[in-house]
K.L.:
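I have a structure here, written as structure tokens, and I will follow up with some questions on it.
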Amino acid sequence: MLDLRLIRERPDEVQRALADKGGTELIPEILARDVERRRLLKEVEDLKAQRNVASEAIGRAKKAGQDAAAEQARMREVGDRIKALDAALKAIDEAIEALLVQVPNVPHPSVPPGKSDEENVEVRRWGTPRRFEFKPKPHEDVGGALGLLDMDRAAKLAKSRFAVMWGPLARLERAIAQFMLDVQTREHGYTELWLPHLVNADTMLRTGQLPKFEEQLFKTVEADEGRTLYLIPTSEVPLSALHGGEVLPESTLPRKYTALTPCYRREAGTYGKDMKGIFRNHQFDKVELVKLTTPARGYEELESMVGDAEDVLQRLELPYRVVERCAGDVGFSAAKGYDIEVWLPGQDRYREISSCSSYADFGGRRADIRYKPEGGGKPDFVHTLNGSGLAVGRTLIAVLENCQNADGTVSIPAALRPYVGGLERLASSR
RNA sequence: GGAGAGGUGGCCGAGUCGGCCGAAGGCAGCCGCCUGCUAAGCGGUUACAGGGCCAAAAGCUCUGUCCAGGGUUCGAAUCCCUGCCUCUCCGCCA
């Protein structure tokens, strides 16, 4: 959520910054409502001040044994008026809020211009895609041929876009997750958290998932008809709402959190897209990275977060490239962001495996997370950042495709072997 | 699931039969003073949000905030209702 004051004081600047992202049409209406709101606020506050003075006088009069009935009657009318104005004010506040949450974040000045992902800018490449002496297969074929990736039974158990993994493949999935957590906690200083996988509507609102992305969420019905809980689409949700409503001492920043959770997504509107295998499933594991930091360090923390994610791929020796998203593709809440795309020989192209974004103060304001500056002074909103470090399922895909052998087996990257009991290759177990 | 108790400022804790309570007192923090050092002592000070005045900052002023949302009342931290959360006891249970 943008700062209303920013829109009020520098509307032209905001409009210009949002040229590629949209939402500019909302600005004039917000401004109009804001003027109306302040007019109402002034009126009702003046009445309240009047009432406070009068009530005090009534109290004194009564104590002195005098009659104050006339004044009380007058104040009863003022009270009714206040009640009506308060209701009007509440309505207008809600209207402004509803508009404000539709306005996307303004991109950082360094973000390249552009409307769509076609105008994203490649920043660097790492590693060289391997040259195969045979035609590399897509991961669903590699895993399927080994009898380890079982999409049919998953569909029977649930529906399409779910997976069952057998034996060593299941273990490899677990190994990759453990490996990533170890890298992020031991090497990069993130604190690991274990989190709820179901969260309430308030948490979804704080993190901007609701109301905008409701159709992407699985929601549950509680037995006692209690409040609706939603399955998290990423652990970014509980992780970034964790400190909602808090004021953190600056000395404790930056906070660096990581968590391994399953992610549940409806994938509505993606029919026919990436239907094969586990590339785009309703359930997948992800190791998430979240940082809370001061505005001053916000953008250097973004760079280092990208590095933290890249490190995992380097240790696994998987080729990738880093792409900076242009203004039109940077995402609703983000001010700046990078995608890391891993090379998938089965698809013969780079595909997203991590996305790292800075929300600047946009997310902090919406979630209401502030910090208390070291030398005193007013609390200010933190910068929030998040990134995948990495998506486990997609990493598994990358291993299956990049490390496949002519005989159908898959060599397990050296870094993962300690996590699979020294196993060197995936072979058919049936 | 049953029965009770409770949610006050950074923390502890007081708030009489509703009125001068943004809230006593203590602790902690900050600024001075004092003091060979330390400790103690003395004085002052320390919440957040929003609005108005002001070119702006400073400053002044108003409104709101004692878990949240409603209600009663001229007036609510104090009374009533609902929700959320915490604690104790019993039962059940992975």
Side-chain angles (χ1 to χ4, degrees), chain A residues 1-13 30-100 194 196-206 220 222-230 238 241-253 361 364-382:
Chain A
M1 186 161 71
L2 283 182
D3 187 358
L4 179 57
R5 222 172 316 190
L6 176 73
I7 296 175
R8 181 152 75 215
E9 284 164 13
R10 302 205 291 264
D12 299 339
E13 218 170 288
I30 290 173
L31 289 172
R33 299 273 188 150
D34 178 50
V35 169
E36 173 68 4
R37 172 181 171 271
R38 279 180 294 154
R39 192 187 65 75
L40 273 174
L41 191 61
K42 176 100 174 71
E43 190 179 346
V44 73
E45 284 187 350
D46 286 348
L47 285 176
K48 282 179 179 172
Q50 212 182 98
R51 180 177 69 181
N52 288 344
V53 172
S55 290
E56 204 180 312
I58 291 168
R60 250 185 282 111
K62 286 205 156 183
K63 200 160 272 181
Q66 295 164 347
D67 176 63
E71 191 64 358
Q72 282 185 37
R74 199 169 73 79
M75 281 307 114
R76 194 168 312 146
E77 277 169 36
V78 171
D80 289 343
R81 179 102 183 98
I82 288 173
K83 200 171 282 186
L85 288 172
D86 268 340
L89 198 57
K90 192 179 171 188
I92 205 163
D93 274 341
E94 284 167 1
I96 290 174
E97 167 96 7
L99 289 167
L100 214 47
W194 187 90
H197 299 172
L198 293 165
V199 300
N200 59 37
D202 186 54
T203 298
M204 287 297 186
L205 284 166
R206 279 177 181 278
T220 66
E222 275 191 289
D224 60 355
E225 294 181 18
R227 291 175 308 165
T228 303
L229 293 175
Y230 297 83
L242 187 69
H243 289 295
E246 298 182 22
V247 180
L248 307 168
E250 182 178 349
S251 59
T252 68
L253 301 179
D361 59 355
R365 184 173 299 104
R366 178 143 189 183
D368 188 23
I369 306 170
R370 291 173 296 165
Y371 73 97
K372 181 89 177 159
E374 198 84 26
K378 290 276 178 199
D380 195 9
F381 292 108
V382 297

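Per chain, numbering begins at 1; letters A, B, ... match sequence-line order. Quantities reported herein were computed from a predicted structural model and do not represent experimental measurements. Computed from heavy atoms alone, side chains included, the values below leave out hydrogens, waters and symmetry copies.
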K.L.:
If you look at every strand shown and take non-hydrogen atoms under 4.0 Å, does A:Asn52 touch a base, only sugar-phosphate, or nothing?
P.N.:
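Sugar-phosphate, no base atom in range.
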K.L.:
Does A:Arg366 pair with A:Asp368 as a salt bridge, N-O distance under 4.0 Å?
P.N.:
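Not counted as a salt bridge, because no side-chain N and carboxylate O are separated by less than 4.0 Å.
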K.L.:
Out of B:C74, B:G51, B:A49, which nucleotide sits closest to the side chain of A:Lys378?
P.N.:
B:A49
K.L.:
Looking at every strand, decide which applies to A:Arg51 at a 4.0 Å heavy-atom threshold: base, sugar-phosphate, or nothing.
P.N.:
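Sugar-phosphate only.
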K.L.:
Check this one for me: any side-chain N or O of A:Lys62 less than 4.0 Å away from OP1 or OP2 of B:G75?
P.N.:
no
K.L.:
Can you check the distance between B:C85 and B:G26, where both ends of the measurement are the C1' atom (answer in whole Å)?
P.N.:
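One C1' to the other, the span is 27 Å.
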K.L.:
When you compare B:G43 with B:U35, how far apart are their C1' atoms, in angstrom units rounded to a whole number?
P.N.:
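B:G43 and B:U35 have their C1' atoms separated by 16 Å.
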K.L.:
Heavy atoms only, 4.0 Å cut-off, all strands: where does A:Ala54 land among base, sugar-phosphate and nothing?
P.N.:
nothing
K.L.:
For residues A:Lys48 and A:Val44, determine if any side-chain heavy atom of one lies less than 4.5 Å from a side-chain heavy atom of the other.
P.N.:
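Contact flag for A:Lys48/A:Val44 side chains = yes.
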K.L.:
Rounding to an integer number of angstrom, what distance separates B:C27 and B:C87 when you compare their C1' atoms?
P.N.:
24 Å
K.L.:
Measuring only the C1' atom in each nucleotide, how far is B:G13 from B:G7? A whole number of Å is fine.
P.N.:
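One C1' to the other, the span is 14 Å.
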K.L.:
Just N and O in the side chain of A:Arg370: are any of them under 4.0 Å from OP1 or OP2 of B:C48?
P.N.:
no
K.L.:
Could you check A:Pro379 against A:Ile58 and say which one's nearest nucleotide on RNA chain B is further toward the 5' end?
P.N.:
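Of the two residues, A:Pro379 wins.
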K.L.:
Any side-chain N or O of A:Arg74 below 4.0 angstrom from OP1/OP2 of B:G75?
P.N.:
no
K.L.:
May I ask you to say whether A:Arg81 pairs ionically with A:Glu77, meaning some side-chain N is under 4.0 Å from a carboxylate O?
P.N.:
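Judged by the 4.0 Å cut-off on N to carboxylate O distance, A:Arg81 and A:Glu77 do not form a salt bridge.
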K.L.:
Can you tell me if A:Arg8 has over 12 outside heavy atoms packed within less than 6.0 Å of its CZ?
P.N.:
yes
K.L.:
If the P atom of B:G19 is compared with that of B:C79, how far apart are they to the nearest Å?
P.N.:
11 Å
K.L.:
Any side-chain N or O of A:Lys48 below 4.0 angstrom from OP1/OP2 of B:C74?
P.N.:
no
K.L.:
Do any side-chain nitrogens or oxygens of A:Lys90 fall under 4.0 Å of OP1 or OP2 in B:G70?
P.N.:
yes
K.L.:
With nearest nucleotides of RNA chain B determined for A:Ala49 and A:Arg60 from heavy-atom distances, which residue corresponds to the more 5′ nucleotide?
P.N.:
A:Arg60
K.L.:
Sticking with atom C1', work out how far B:G91 lies from B:G9, rounded to a whole angstrom.
P.N.:
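The same atom, C1', in both gives a distance of 40 Å.
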K.L.:
Whether the side chain of A:Gln72 and the base of B:G75 hold a donor-acceptor pair under 3.5 Å is what I'd like checked.
P.N.:
no
K.L.:
Mind checking if A:Arg81 touches a base, just sugar-phosphate, or nothing, with heavy atoms under 4.0 Å?
P.N.:
nothing
K.L.:
May I ask you to say whether A:Asp86 pairs ionically with A:Lys90, meaning some side-chain N is under 4.0 Å from a carboxylate O?
P.N.:
no
K.L.:
Please give the distance between the C1' atoms of B:C62 and B:G22 as a whole number of Å.
P.N.:
15 Å
K.L.:
Using only side-chain N and O atoms of A:Arg76, determine if any of them is under 4.0 Å from OP1 or OP2 of B:C74.
P.N.:
yes
K.L.:
Determine the Euclidean distance between corresponding C1' atoms of B:U78 and B:C20; express it in Å to zero decimal places.
P.N.:
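The answer is 16 Å between these two C1' atoms.
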K.L.:
Determine the contact category for A:Arg37: base if any of its heavy atoms lies under 4.0 Å from a base atom, sugar-phosphate if only primed atoms, P, OP1 or OP2 are that close, otherwise nothing.
P.N.:
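A:Arg37: backbone/sugar contact only, no base atoms under 4.0 Å.
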K.L.:
Can a donor-acceptor pair be found, under 3.5 Å and without considering hydrogens, that links the side chain of A:Ser55 to the backbone of A:Arg51?
P.N.:
yes
